[in-house]
Amino acid sequence: MREIEKNIEDLKGEMVEALKKFISINSVNPSFGGPGEYKKAIWLENLLKMLGYDEVRRIDIPDDRVEEKVRPNVIGIIRGKESGRKIWIVTHMDTVPEGDRNLWETDPFEGIEKDGRIFGRGAEDNGGSMIASIYAGVALKRAGIKPDYDYCVALVADEEAGSEYGIAPLLRKGIFGKEDLVIVADAGEKDGSFIEVAEKSIVWIKLETIGKQGHASNPDECVNAHRIGMEVALDFYRYVRKKYSDEDPLFTPSRTTFEPTRKEENVGNVNTIPGKDVLYFDGRILPKYDLDDFIYDLEKLAMKHEVEKKVKIKLDVIQRFDAPPPTPTDSDVVERLKDTIEKLRGIKVKIGGIGGGTCAAHFRRLGIPAVVWSTIDGTAHNANEYARIENLVNDAKVYAMMAIS
Ligand SMILES: [Zn+2]
């Protein structure tokens, strides 16, 4: 065990160089006008081969928008004692654009080392965890220790824009099995003390109330859409609080939330009664509830108000994500990961859910227990994004140690 930790510490220099290289190859997602992952994938494919992975495969998914006409996904496998079952560390190659260059203190497409950190676009999201997962396998290999199951890294495309050229087609091809242990290393806490096993469903609702516009001094001749819209919105809010009131201690907050958020501007002057009122709700619904039921309930409520208040109410679902059932907290992947982190770091690990929606949902939907975990400062998508070198080393230790018992 000590040998593996020592190997990883010895590999630190190589890991730093690999992360710098990762950053230097622009792989901005084509959906945001970037070149995509191809060049980075070719480098990673060769790196895995060079580092001694037993099997390296590239799976290309057609995409006419990019020069190479395909979006690559790379898989590296180190054979375990028991072949068939696999431990997967899933990370993604694509990045978001650099944003406003003036906000960057360094070149976003050059990995720069400073104060124990590596700066650049993709350093944290998701290069740091990718390099950690790759070198964890190298440390096992060099120690001559066979992992309990096959140790696999999946370096995927298109995470930042929906995963339709990444995890989604890989799952359809049956690359992942129901018995596999899956860690999506793409979110986490600064000390690595949180393992995410669940997500809430998301529903965004647009609520439009149509009344009759007129002079503010003559409200009896008008139907004030703004006043009625506020009443309806508040009724929606209270109704959800009451009917969808169950709690699930996995989540913080432990209840369903349904908050009125955006409000569209109505009339430009104070002395006009608005004939139209538009506002929006952001709903995060506990996974035990069915979103169809939830939306149906709100539609019924809207109809009741239409009849009572002589307005027209339009209800639109503008965003929807149905949360899959949570990964059981007693599943192998959760227990192995939790035990390893607690042993290596001497901290107490919290297992819980978030508001949604990560790429682990793709696995959970197919009944494959997946968790989301990594140790990061939370600089993803920001200017001056960085990864801490010590997190690369310490997360690599966690991946390697959880693969052996
Ligand atoms: Zn990411």
> Aromatic rings Phe236 and His305: how do their planes relate, parallel, tilted or perpendicular, breaks at 30° and 60°?
Replying inline: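 The arrangement is tilted - the two ring planes meet at 30° to 60°.
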
>> Does the plane of the ring in Trp373 sit parallel, tilted or perpendicular to the ring in Tyr399? Use 30° and 60° as the thresholds.
In response: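 Rings of Trp373 and Tyr399: perpendicular, as their planes differ by over 60°.
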
> Is the cationic atom of Lys86 (NZ for Lys, CZ for Arg) positioned less than 6.0 Å from the six-membered ring centroid of Phe176 and within 45 degrees of its normal?
Replying inline: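 Negative - Lys86 is either too far from the ring of Phe176 or too far off its axis.
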
Salt-bridged, [X] to [Y], with N to O below 4.0 Å?
{"X": "Glu199", "Y": "Arg364", "value": "yes"}
{"X": "Arg65", "Y": "Asp63", "value": "yes"}
{"X": "Arg79", "Y": "Asp54", "value": "no"}

Does any donor atom in the side chain of [X] or [Y] lie under 3.5 Å from an acceptor atom in the other side chain?
{"X": "Trp204", "Y": "Asp282", "value": "yes"}
{"X": "Asp297", "Y": "Tyr244", "value": "yes"}
{"X": "His92", "Y": "Glu37", "value": "no"}

> Under a 4.5 Å cut-off applied to non-hydrogen side-chain atoms, are Arg388 and Lys190 in contact?
Replying inline: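 When only atoms from C-beta onward are counted, Lys190 and Arg388 do not touch, as no gap falls below 4.5 Å.
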
> Do Asn29 and Val96 come close enough that some side-chain heavy atom pair is under 4.5 Å?
Replying inline: no

> Please walk me through it: do Thr379 and Asp377 pass side-chain hydrogen bond (donor to acceptor under 3.5 Å, both in side chains)?
Replying inline: CA-CA 6 Å; Thr379 62; Asp377 279 4; over 6 Å; no

> Could you walk me through whether Thr375 and Arg345 pass the side-chain hydrogen bond (donor to acceptor under 3.5 Å, both in side chains) check?
Replying inline: CA-CA 12 Å; Thr375 311; Arg345 300 194 181 172; 2.9 Å; yes

>> For the aromatic rings, using the six-membered ring if either is Trp, is the centroid distance between Tyr289 and Phe294 under 6.0 Å?
In response: no

